[in-house]
Amino acid sequence: METKILLTEKEMSTHWYNIQADLPEPLPPLLHPGTKEPTILPPPLFAAALNEQEFSKERWIEIPDEVQEIYKLWRPTPLYRAYRLEKALDTPAHIFYKYEGVSPAGSHKLNTAVAQAYYNKKEGIKRIATETGAGQWGSALSLGCQYFGMELKVYMVKVSYQQKPYRRIMMETWGAKCVASPSQDTAIGRKILAENPNHTGSLGIAISEAIEDAFSRDDTHYSLGSVLNHVLMHQTVIGLETQKQMEKVDVYPDIIIGCVGGGSNFAGMFLPFVKDKISGKHSKLEIIAVEPEACPTVTKGPLAWDYGDVAGMAPIAFMHTLGHSFEPPPVHAGGLRYHGMAPIVSHVVKLGLVKARAVKQLATFEAAIQFARTEGIIPAPEPAHAISVVIDEALKCKKEGKKKNILLALSGHGHFDLGAYEQYLSGKLVDYEYPEEMVARALRDLPQVKR
Ligand SMILES: Cc1ncc(COP(=O)(O)O)c(C=O)c1O
């Protein structure tokens with residue numbers, strides 16, 4: 001088997017896969033934050049086409065030609081066989097990884113950024129407001145908007161804005177305006193800064209600022225880089241390509257492993273496969289979602305109704321949550337510091353189709369270094385969580401003398417996270433324990449929903 005399993009542009013997916021067509025139980029509705037009745041996404045914030053995709057039950061949704069043309073700049077992405085990591089681990093397991101870091105923005109986020117910019121542009125929208133954690137989403141949407149000649153304002157979580165200036169410069173290079181959140185540019189930002197001028201920010205706050213911005217202008221829509229159904233669906237190009245690539249070498253995965261922040265990269269990988277688990281074709285397939293011990297949304301958070309943002313302006317979703325007012329410790333995997341989890345991911349966990357594990361920060365960097373020293377790619381801190389579990393599973397195969405096929409969703413590179421690597425290599429990086437009391441406090445703020 002070759003090291004790289006490649007597809008041609010002609011073999012790219014022409015459609016996104018919509019899991020809602022195949023779920024054994026339908027998803028719970030989204031609720032209006034005020035009335036708490038079922039709602040669509042707020043029309044002043046979202047393109048109608050995206051709203052339609054959010055609730056569609058059609059199995060396949062065509063990828064517009066303009067989006068496919070742009071996808072060709074980096075898609076199909078390579079699937080690798082991790083021969084060198086396998087050798088270093090001395091494992092009988094075969095490890096495969098699908099690498100989304102080859103996109104110009106360095107991660108999977110561009111797959112939905114291009115689609116969202118396209119649909120907004122088509123409906124006459126000139127400007128988009130969004131939030132970003134580590135800067136991956138903000139930089140991807142900056143490029144997505146640039147491809148379609150749109151303006152973008154990014155509210156970037158302050159701790160990342162300070163830790164990762166290069167991501168801001170990337171956004172500016174692609175024409176976006178980026179401010180640290182909480183900012184002085186919105187009422188919610190000013191309120192939070194008045195209470196605590198040194199607030200380091202959170203994704204929930206940045207989302208509230210971007211929503212407020214978009215509500216306040218007719219020419220502006222809001223865009224979310226994860227969590228929502230349509231975002232996860234845009235990412236299914238990852239899993240659909242991987243299926244074709246694995247078929248080429250006549251392999252089906254035994255275990256699929258990925259990291260979850262809001263859930264989009266991993267869902268993009270596993271949703272096309274979970275269909276085989278639902279249908280019974282591959283009922284033994286294991287799917288493991290990995291999250292930080294410091295922000296353990298699925299492993300420790302209840303499945304409950306909660307707001308998507310801190311200010312309670314976003315719709316209420318039924319999801320695993322640590323409480324919308326929870327502020328996660330500043331782990332370097334900024335993209336995994338979100339209080340909630342995609343309703344689709346929460347739902348498939350409830351149905352027993354997907355399991356979750358939490359990993360501590362130091363273990364993720366240890367795994368990332370081993371990956372970098374064998375395979376060469378320096379992973380982003382987010383997928384380093386998944387790598388840590390891949391290594392655990394490969395070592396378990398060794399102990400039990402089992403040859404399993406392990407598939408890793410490698411969502412992006414860590415070239416802008418070298419500050420975190422430096423801290424790890426110089427022994428300064430720390431673990432954060434599960435902040436139990438803070439979570440208990442935040443869970444008291446869950447909205448009261450009678451359903
Ligand atoms: C490289 C990378 N992987 C994973 C994530 C987590 O987000 P999601 O769960 O939506 O894929 C992020 C978020 O910023 C990211 O940048």
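Just follow the structure's listing: the first ligand is 1, and inside any ligand the first atom is 1.
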Under 3.5 Å, is there a donor on one side chain and an acceptor on the other for Ser411 and Glu382? no

With Tyr155, which residues qualify under ring pair (Phe, Tyr, Trp, His ring centres under 6.0 Å), at least two apart? none

Could you go through ligand 1 and note, for every N or O atom, any protein N or O atom closer than 3.5 angstrom, writing the atom names and distance to 0.1 Å, or 'none'?
| unit_1 | atom_1 | unit_2 | atom_2 | d |
| --- | --- | --- | --- | --- |
| ligand 1 | 3 (N) | Ser411 | OG | 2.7 |
| ligand 1 | 7 (O) | Lys109 | NZ | 3.4 |
| ligand 1 | 9 (O) | Gly261 | N | 2.7 |
| ligand 1 | 9 (O) | Gly262 | N | 3.2 |
| ligand 1 | 9 (O) | Gly263 | N | 2.7 |
| ligand 1 | 9 (O) | Ser264 | N | 3.3 |
| ligand 1 | 10 (O) | Lys109 | NZ | 3.3 |
| ligand 1 | 10 (O) | Ser226 | OG | 2.5 |
| ligand 1 | 10 (O) | Ser264 | N | 2.9 |
| ligand 1 | 10 (O) | Ser264 | OG | 2.7 |
| ligand 1 | 11 (O) | His108 | NE2 | 3.0 |
| ligand 1 | 11 (O) | Ser264 | OG | 3.3 |
| ligand 1 | 11 (O) | Asn265 | N | 2.8 |
| ligand 1 | 11 (O) | Asn265 | ND2 | 2.9 |

Checking salt bridge (Lys or Arg N to Asp or Glu O under 4.0 Å) between Glu293 and each of Lys300, Lys360, Arg357, which is the one that passes? Lys300

Check: Asn111/Gln235 side-chain N/O donor and acceptor closer than 3.5 Å: yes

Residues in side-chain hydrogen bond (donor to acceptor under 3.5 Å, both in side chains) contact with Lys355, at least two apart in sequence or another chain: Glu286

How would you list all residue pairs meeting ring pair (Phe, Tyr, Trp, His ring centres under 6.0 Å) that involve residues 327-357, not counting sequence neighbours? none

